[in-house]
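For the single chain, residues carry numbers from 1 onward in sequence order.
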Amino acid sequence: MADDSAATFLFADIAGFTAITEVHGDEEALQLVDDFASAVQAELPRVGGEHVKTVGDALMLRVPDPADAVQLALWVARNAMGGHQAPSVRVGGHFGSAVERGGDYFGTTINVAARVSALARGGEVLVTGKTAALAPDLDGLLYESRGRQVLRNIAEPVEIFAVVRVEESADHLVVDPVCQMAVDPERAAGRLMLDETAYHFCSLTCAAAFAQHPERYIRS
């Protein structure tokens with residue numbers, strides 16, 4: 001009898017794969033998938049990760065630790081297929097339990113992770129709020145709120161965050177517009193751009209509240 005297995009499940013695929021196939025042909029497209037899968041699988045031992053399966057150009061991965069999963073996901077999206085004419089990769093993930101059967105995993109967690117991946121653009125990593133909350137303090141990374149999203153065949157809207165790298169250091173504190181706490185931009189739990197202004201948040205809860213009703217917190 002299989003046990004429930006809690007972990008972060010990631011889906012990673014090549015954005016625009018159909019177009020790549022049409023433009024460059026089946027053989028070159030399939031070679032890209034092979035190269036992509038090989039590059040990702042080579043990184044998995046570092047985080048104790050598992051390559052569950054490949055479906056078309058999409059890889060399904062299981063990583064026990066959420067922080068490791070978030071960092072791996074960003075590496076997959078930004079570095080796994082680097083270089084000139086490299087395809088764009090997108091990744092989505094969700095932490096939760098799933099039922100294992102014959103080396104594959106099933107359940108709501110898997111469905112949510114797949115739906116989150118489908119929301120991502122090329123080069124983007126999206127994770128659920130639950131996943132981000134389990135890995136809140138990652139050096140050099142921020143979570144940008146994407147609000148609550150309706151996912152196909154999922155009963156309730158799901159809070160989504162994009163994982164982004166901090167590209168610039170700040171030498172001053174800013175104020176979380178929701179709770180008014182001082183926030184170091186490099187250590188903020190979330191960041192949201194609105195009208196070309198960056199707002200930083202002390203917690204994912206504050207980021208989500210702002211994303212839903214920014215007019216409540218922006219002072220003229």
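Once rounded to the nearest 0.5 Å, the distance linking OG1 of T128 with CD1 of I154 reads 11.0 Å. Taking CZ of R62 as the start and OG1 of T109 as the end, the distance is 11.0 Å to the nearest 0.5 Å. Separating the CG atom in L151 from the OG1 atom in T108 is a distance of 11.5 Å, to the nearest 0.5 Å. Taking CG of D13 as the reference point, atom CZ of R90 lies at 4.5 Å (rounded to 0.5 Å). Here the straight-line distance linking atom CD of E186 with atom NE2 of H200 works out to 9.5 Å at 0.5 Å rounding. Going from atom OG1 of T131 over to atom CD of E159 covers 10.5 Å, rounded to the nearest 0.5 Å.
The side-chain heavy atoms of R115 and N153, taken from C-beta on, include a pair separated by under 4.5 Å. By the 4.5 Å heavy-atom criterion applied to side chains, L32 and M81 are counted as neighbours. In this structure, the side chains of L192 and F201 come closer than 4.5 Å at one or more pairs of heavy atoms. In this structure, L61 and E50 have side chains that are not in contact, with every pair of non-hydrogen atoms separated by 4.5 Å or more. Residues F210 and I218 have side chains in contact (heavy-atom distance under 4.5 Å, counting atoms from C-beta outward). For the pair Q149/V158, no side-chain contact is recorded, criterion being any heavy-atom separation below 4.5 Å from C-beta on. The side-chain heavy atoms of L44 and H51, taken from C-beta on, include a pair separated by under 4.5 Å.
Partners of R146 under the salt bridge (charged side-chain N to carboxylate O under 4.0 Å, His left out) rule, at least two apart in sequence or in another chain, are E124, E144.
F95 is not connected to V112 by any chain of hydrophobic side-chain contacts under 4.5 Å among Ile, Leu, Val, Met, Phe, Trp and Tyr, and they are in different clusters. Clustering ILVMFWY residues whenever any of their side-chain heavy atoms sit less than 4.5 angstrom apart, transitively, puts L138 in the very cluster that holds V125. A continuous path of Ile, Leu, Val, Met, Phe, Trp and Tyr side chains, each step under 4.5 Å between heavy atoms, connects V89 with V47, placing both in one hydrophobic cluster. Under the 4.5 Å side-chain heavy-atom criterion for Ile, Leu, Val, Met, Phe, Trp and Tyr, V63 and L126 are members of distinct hydrophobic clusters. No path of Ile, Leu, Val, Met, Phe, Trp and Tyr side chains, each step under 4.5 Å between heavy atoms, connects L141 with V116, placing them in separate hydrophobic clusters.
For the pair F9 and G96, the tightest heavy-atom approach, listed with the atom from each and the gap, is CE1-O, 3.8 Å. Smallest separation of non-hydrogen atoms from A188 and L142: O-CD2, 2.9 Å. Of all heavy-atom pairs spanning R78 and G123, the tightest one is NE-O, 2.9 Å. In this structure, A133 and L204 approach most closely via the heavy-atom pair N-CD1, 3.3 Å. Of all the heavy atoms in V40 and A80, the pair that sits closest is CG2-CB, 4.3 Å. Nearest heavy-atom pair across S117 and F11 is OG-O, 3.3 Å.
The 12-atom threshold is exceeded at CD of E215, counting heavy atoms of other residues, nucleotides or ligands nearer than 6.0 Å. With a 6.0 Å radius and a threshold of 12 heavy atoms from other residues, nucleotides or ligands, R46 has its CZ atom above the threshold.
In this structure, the side chain of S145 does not engage the main chain of A211 through any donor-acceptor pair within 3.5 Å. With hydrogens and angles ignored, the 3.5 Å screen pairs a side-chain donor or acceptor of S38 with a backbone N or O of D34.
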Handout entry: Worked verdict on R148 versus I160 for side chain to side chain contact (heavy atoms under 4.5 Å, CB included)
Key = CA-CA 6 Å; R148 294 177 65 81; I160 302 296; over 6 Å; no

Could you list the donor-acceptor pairs under 3.5 angstrom formed between side-chain atoms of residues 65-76 and any protein atom two or more places apart in sequence or on another chain?
residue : atom : partner : partner atom : Å
D65     : OD2  : A67     : N            : 3.1
D65     : OD2  : D68     : N            : 3.0

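Between Y143 and F161, the two ring planes are perpendicular [angle over 60°; tilted spans 30° to 60°].
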